[in-house]
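Here is the structure we will look at.
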There are 2 protein chains.
Amino acid sequence: MNPISKAEENHLKAIFTLCEESDKPASTNAIAKIMKTKAASVTAMIIRLSGKEPSLVNHQKHKGVRLTKAGKKLATNLIRKHRLWETFLVEKLNFSWDEVHDIAEELEHIKAEKLIDRLDEFLGRPKFDPHGDPIPDAEGNFTYRKQILLTELVKNQAAVVVGVLDDSPSFLQYLNKLNLVLGAKVQVLERVDYDGSNRILLNDQQEQILTNKVCQNLYVKTL
Amino acid sequence: MNPISKAEENHLKAIFTLCEESDKPASTNAIAKIMKTKAASVTAMIIRLSGKEPSLVNHQKHKGVRLTKAGKKLATNLIRKHRLWETFLVEKLNFSWDEVHDIAEELEHIKAEKLIDRLDEFLGRPKFDPHGDPIPDAEGNFTYRKQILLTELVKNQAAVVVGVLDDSPSFLQYLNKLNLVLGAKVQVLERVDYDGSNRILLNDQQEQILTNKVCQNLYVKTL
DNA sequence: AATATTTTTTAGATTAATCTAAAAATAGTA
DNA sequence: TACTATTTTTAGATTAATCTAAAAAATATT
């Protein structure tokens with residue numbers, strides 16, 4: 001059975017993400033939504049993936065689908081490639097963090113393993129990408145980090161921004177304007193019950209008002 | 001009419017190369033040979049390419065095919081991308097010149113124009129790739145250089161190696177062994193009629209015997 | 001539990017890119 | 001020039017990846 005195709009890879013990635021998020025088998029509908037296709041197409045693809053040697057997914061009709069060990073390995077490697085390319089684009093080619101997703105989405109399908117090894121080395125074997133997401137190593141191990149959402153940070157406790165939950169360009173661009181980039185130091189001065197806003201001290205200097213929506217999408221690590 | 005596909009791009013590149021080489025329309029058979037497909041498939045592809053808006057090729061049945069202005073623009077841009085990626089692989093990721101062709105063959109199909117602009121900048125807007133081939137600029141202009149084959153170099157005239165005609169891995173690897181890399185200084189000490197070999201002085205130091213075949217595939221520039 | 005709603009699968013069709021085999025056109029040669 | 005050989009095109013088939021519409025299964029609601 002031929003080398004794995006881009007469409008197959010993207011389905012694996014979607015299934016991986018869904019199963020990680022919910023710990024339940026991924027539904028055809030949910031996969032179709034991510035892939036921007038229809039449930040019927042997903043069913044066909046699942047059948048093809050489960051017919052691979054070795055099989056990449058386990059599925060029972062109407063019961064959703066999970067990745068096998070082999071499928072997980074492939075999905076993890078894709079995520080590794082995606083995040084390394086994003087890092088390259090930001091660190092070396094001066095893209096900003098809101099621009100890199102779509103380009104990395106294409107680059108992640110380049111096959112040569114040696115390329116990704118060398119790229120990893122060139123970048124200094126980074127553990128996190130420009131959005132603060134962990135980059136798995138060549139064996140597929142992620143680095144975990146005790147991080148919390150800014151909404152969970154206790155008042156006056158100092159912390160640094162280490163990542164985002166929502167990585168949509170519009171949110172990232174808004175953060176740019178607020179100077180809320182990775183590494184920024186933050187402290188919650190006050191949580192205002194009245195409108196759910198948060199008074200924040202940013203980099204020990206400026207005060208800033210953040211809505212709960214923003215705080216719910218920012219990961220921080222206490223100092 | 002949708003974005004241009006990888007298969008379409010590769011056909012354009014093949015046609016470009018053939019027409020540049022011979023100044024004649026490219027034949028379906030010749031294209032099929034490069035594409036490793038069959039003439040019938042090429043005919044089908046040509047019909048598709050000529051139906052694009054704007055049309056990418058001009059063809060009359062049984063008379064071969066040429067690129068239109070629009071087709072040439074696309075082909076040139078592909079060559080630009082291919083050569084910039086090769087340069088990146090060698091200069092930044094420490095690949096050797098015999099390893100980069102196939103990887104660049106994949107990378108050249110990544111679409112984002114901004115990516116290639118930034119890459120060009122990152123590499124310092126190089127004019128030649130690791131094999132000495134010119135890299136067209138964003139407008140499609142190639143830098144020409146008066147270069148000759150080593151077989152044409154007059155006896156005792158000093159010159160530097162600036163490129164290769166044959167860029168097959170086996171030839172490039174052989175050149176590595178002989179220390180005949182880009183920038184090496186060469187002088188022809190003697191052309192031996194007996195066996196068609198050439199006595200060369202390399203980097204003002206070592207003497208080296210090169211066959212005519214090697215000399216016919218090495219471009220040099222006189223000093 | 002019976003029925004209605006939603007989700008998933010099946011069936012059948014479409015498009016891109018390829019193939020083989022046969023027909024048609026061009027080129028080469030006696 | 002007429003015949004032969006080669007090249008190109010046409011015709012018809014195949015596979016991957018998608019679609020729509022309908023059928024079947026699972027889930028939710030009275």
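In what follows, chains carry the letters A, B, and so on, assigned in the order in which the sequence lines appear, proteins first and then strands, with residues in each chain numbered from 1. The figures that follow rest on heavy atoms only: side chains count, while hydrogens, waters and symmetry mates do not. Just so you know, these numbers come straight off a predicted model, no measurement behind them.
Residues A:Lys38 and A:Lys61 both approach DNA chain D. Their nearest nucleotides, taken by heavy-atom distance, put A:Lys38 toward the 5′ side.
A donor-acceptor pair under 3.5 Å is formed between the side chain of B:Arg118 and the backbone N or O of A:Leu93. Side-chain atoms of A:Glu91 do not come within 3.5 Å of backbone N or O of A:Phe88 as any donor-acceptor pair.
You'll find that the side chain of B:Thr28 is closest to D:dT8, out of C:dT9, D:dT8, C:dT7. Of the candidates D:dA26, D:dA21, C:dT26, the closest approach to any side-chain atom of A:Ala40 belongs to D:dA21. The side chain of B:Ala44 lies closest to C:dT18 when the candidates are C:dA21, C:dT26, C:dT18. The side chain of A:Ala39 approaches C:dT9 more closely than any other nucleotide in the set C:dT9, C:dT18, D:dT10. Relative to the side chain of A:Ile47, the nucleotides C:dT18, C:dT10, D:dT10 differ in distance, and C:dT10 lies closest.
Heavy-atom contacts from other residues, nucleotides or ligands closer than 6.0 Å to NZ of B:Lys92 number more than 12.
As rounded to whole Å, 13 Å separates atom P of D:dT8 from atom NZ of B:Lys33. The CD1-P distance, from B:Ile46 to D:dT7, rounds to 15 Å in whole Å. If you take CG of A:Asn2 and C1' of D:dA16, they are 10 Å apart, rounded to a whole angstrom. Atom-to-atom, NE2 of A:His59 to P of C:dT8 comes out at 12 Å; the value is rounded to the nearest Å. Per the geometry, NZ belonging to B:Lys24 stands 15 Å off C1' belonging to D:dT7, to the nearest Å.
Contacts of B:Thr43 with the nucleic acid, taken as non-hydrogen atoms under 4.0 Å apart, include base atoms. Backbone-only engagement by B:Ala7 is indicated by non-hydrogen atom pairs under 4.0 Å involving sugar-phosphate atoms exclusively.
Ion pair A:Lys13/A:Glu108 flagged as a salt bridge, since at least one NZ, NE, NH1 or NH2 atom sits closer than 4.0 Å to an Asp/Glu carboxylate oxygen.
For D:dT7, neither phosphate oxygen OP1 nor OP2 lies less than 4.0 angstrom from any side-chain nitrogen or oxygen of B:Ser27. Considering only side-chain N and O atoms, B:Asn29 lies under 4.0 angstrom from the phosphate OP1 or OP2 of D:dT8.
A:Trp85 approaches A:Ala104 most closely through the heavy-atom pair CB-CB, 4.3 Å.
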